[in-house]
Number of protein chains: 2
Amino acid sequence: MPELRDLRSVVVLAEELHFGRAAARLGISASALSRRVRAVEAELGVVLFERTSRTVELTEAGRELATRLPAALRQLDRALAAARWHSDGGWQV
Amino acid sequence: MPELRDLRSVVVLAEELHFGRAAARLGISASALSRRVRAVEAELGVVLFERTSRTVELTEAGRELATRLPAALRQLDRALAAARWHSDGGWQV
DNA sequence: GAAGGTTACGCACAACGTAAACATG
DNA sequence: CATGTTTACGTTGTGCGTAACCTTC
């Protein structure tokens with residue numbers, strides 16, 4: 001029930017461990033990112049990041065998710081790319 | 001850029017090949033489904049379904065996508081499940 | 001003329017940015 | 001007290017259902 005946008009946000013935040021930088025990379029405000037991540041955590045029923053107002057760290061669950069998501073998202077992108085390719089002629093057999 | 005909701009809709013429609021039934025399974029109206037699918041096609045720049053007002057069929061690109069998506073979506077769900085599991089105690093080592 | 005897909009239209013909810021608030025090093 | 005995350009608030013845009021429309025058998 002989290003959407004792709006939300007999952008990609010989690011991945012970027014896991015890389016940056018900083019809401020400001022991650023939000024900039026995503027082209028949204030830090031507060032928007034904060035809300036997105038909290039929403040994901042609420043939907044999953046899992047805390048992914050341990051925040052203090054000075055630091056952001058991954059929890060065990062967050063690390064697990066951040067580890068597995070990129071491959072899953074790439075596979076998804078490959079499926080979409082395959083569909084595009086099939087329309088743009090394919091081998092033109 | 002299509003979201004998960006949209007991709008799942010494509011999968012269901014590919015299974016049903018009928019907007020009414022697919023929409024019912026998704027818990028939305030047929031018109032909403034029609035719009036979702038058209039939006040996906042526009043974003044991908046690919047026609048996925050060949051519609052007449054009597055039949056719905058998969059195009060080559062649509063078949064390709066419908067074939068690859070389920071596995072990709074499952075992998076994504078596994079990533080989410082893994083995160084959940086990690087929080088709910090794991091092995092409680 | 002019935003069944004099924006699409007377009008028009010009005011509305012409601014979700015998501016955003018700005019700004020203020022709060023916490024921590 | 002500077003840096004960085006979160007909450008409040010008002011606004012906008014996205015997505016929906018209902019209903020009307022068009023096409024095909």
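The figures that follow rest on heavy atoms only: side chains count, while hydrogens, waters and symmetry mates do not. Note on naming: letters A, B, ... go to the chains in the order of the sequence lines (proteins, then strands), and numbering restarts at 1 for each one.
Listed by chain and residue number, A:Pro2, A:Glu3, A:Arg36, A:Val40 satisfy the side chain to side chain contact (heavy atoms under 4.5 Å, CB included) test with A:Asp6 (two or more places apart in sequence, or in another chain). Evaluation of the salt bridge (charged side-chain N to carboxylate O under 4.0 Å, His left out) rule for A:Arg21 yields A:Glu16 as partners, not counting sequence neighbours.
For A:Glu41 and D:dT6, the CD to C1' distance is 13 Å, given to the nearest whole Å. In this structure, CZ of A:Phe49 is placed 13 Å from C1' of D:dT5, rounded to the nearest angstrom. B:Leu17 has its CG atom 14 Å from the C1' atom of C:dG5, to the nearest Å. Atom CG in B:Leu4 sits about 13 Å away from atom P in D:dG15, given to the nearest Å. For the pair A:Glu50 CD and C:dT24 P, the computed distance is 12 Å after rounding to whole Å. As a whole-Å value, the separation of A:Glu3 CD from C:dA14 P is 13 Å.
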Taking only N/O atoms, report every protein-nucleotides 16-19 of chain D pair under 3.5 Å with atom names and distance.
unit_1 : atom_1 : unit_2  : atom_2 : d
D:dC16 : OP1    : B:Arg36 : NE     : 3.0
D:dC16 : OP1    : B:Arg36 : NH2    : 2.6
D:dG17 : OP2    : B:Ser29 : N      : 2.8
D:dG17 : OP2    : B:Ser29 : OG     : 2.7
D:dG17 : N7     : B:Arg35 : NH2    : 3.1
D:dG17 : O6     : B:Arg35 : NH1    : 2.8
D:dT18 : O4     : B:Ser31 : OG     : 3.2

List, with names and distances, any nitrogen or oxygen atoms from the protein found under 3.5 Å away from nitrogen or oxygen atoms belonging to nucleotides 2-4 of chain C.
unit_1 : atom_1 : unit_2  : atom_2 : d
C:dG4  : OP1    : B:His18 : NE2    : 3.4

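When the side chains of ILVMFWY residues are joined at heavy-atom separations under 4.5 Å, either directly or via intervening members, A:Val47 and B:Trp85 end up in two distinct hydrophobic clusters. Under the 4.5 Å side-chain heavy-atom criterion for grouping Ile, Leu, Val, Met, Phe, Trp and Tyr, A:Leu48 is connected to A:Ile28 within one hydrophobic cluster.
For the salt bridge (Lys or Arg N to Asp or Glu O under 4.0 Å) condition, the pairs that include at least one residue of residues 38-50 of chain A, sequence neighbours left out, are A:Glu41-A:Arg51.
A heavy-atom distance below 4.5 Å is found between the side chains of A:Leu4 and B:Leu76. A:Leu58 has its side chain within reach of A:Phe49: a pair of non-hydrogen atoms, C-beta onward, lies under 4.5 Å apart.
Within the 4.0 Å cut-off from OP1 or OP2 of D:dG4, not a single side-chain nitrogen or oxygen of A:Arg51 is found. Phosphate proximity of D:dT6 to A:Ser34: present, with a side-chain N or O under 4.0 Å from OP1 or OP2.
Summarising the geometry, atom CG belonging to A:Leu7 is positioned 10.5 Å from atom CZ belonging to A:Arg5; distances are rounded to the nearest 0.5 Å.
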N/O donor to acceptor pairs below 3.5 angstrom from side-chain atoms of residues 60-70 of chain A, sequence neighbours left out:
unit_1  : atom_1 : unit_2  : atom_2 : d
A:Glu64 : OE1    : B:His86 : NE2    : 3.1
A:Glu64 : OE2    : A:Arg68 : NE     : 2.6
A:Glu64 : OE2    : A:Arg68 : NH2    : 2.9
A:Thr67 : OG1    : A:Arg63 : O      : 2.6

